[in-house]
Amino acid sequence: MSFDRHLAEIAREYPHWTIWRSDAGRWWATRHHPLSAAQREAGCAMTIDADDPDGLREQLRDQERRARLPGATDAPDP
């Protein structure tokens, strides 16, 4: 699968994230909205990276799971 197709698919799967690939070949994702203190305590990150598209999807699934943990669904800090 092409690089552009991977980017488009991951972006479609995770619309609350900006997805890109660096010049060094690493795959990155950054959230569109700030994290609350509770989300940070639950291990949520604003930006994540991986070696390849599958690794990034795995990281994104983990981040989505962490964001749904009890107490992590509070509104972001002002």
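These values consider heavy atoms only, across backbone and side chains, with no hydrogens, waters or symmetry-generated copies.
Between E58 and D54 the shortest side-chain heavy-atom distance does not fall below 4.5 Å.
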- Message: The test is side-chain contact (heavy atoms from CB on, under 4.5 Å); show your working for C44 and R31 and say whether it passes.
- Response: CA-CA 10 Å; C44 294; R31 292 178 191 272; 3.6 Å; yes
- Query: Taking it one step at a time, do L60 and I19 satisfy side-chain contact (heavy atoms from CB on, under 4.5 Å)?
  - Reply: CA-CA 10 Å; L60 287 162; I19 311 298; 4.2 Å; yes
- Verify side-chain contact (heavy atoms from CB on, under 4.5 Å) between R57 and R61, making sure each step is shown before the conclusion. CA-CA 6 Å; R57 278 188 174 100; R61 281 191 297 270; 3.8 Å; yes
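Taking all atoms of both residues into account, the shortest heavy-atom contact from D52 to G55 is OD1-N, 2.6 Å.
In this structure, CD1 on I48 lies 11.0 Å from CZ on R26, to the nearest 0.5 angstrom.
Partner of W17 under the side-chain hydrogen bond (donor to acceptor under 3.5 Å, both in side chains) criterion, chosen from H32, E64, Q63, H33: E64.
Using a distance-only test at 3.5 Å, with no hydrogens or angles considered, a donor-acceptor pair links the side chain of R40 to the main chain of L35. E9 places no side-chain N or O within 3.5 Å of a backbone atom of H6 that could act as its donor or acceptor partner. R21 places no side-chain N or O within donor-acceptor distance of the main-chain N or O of W28, the cut-off being under 3.5 Å.
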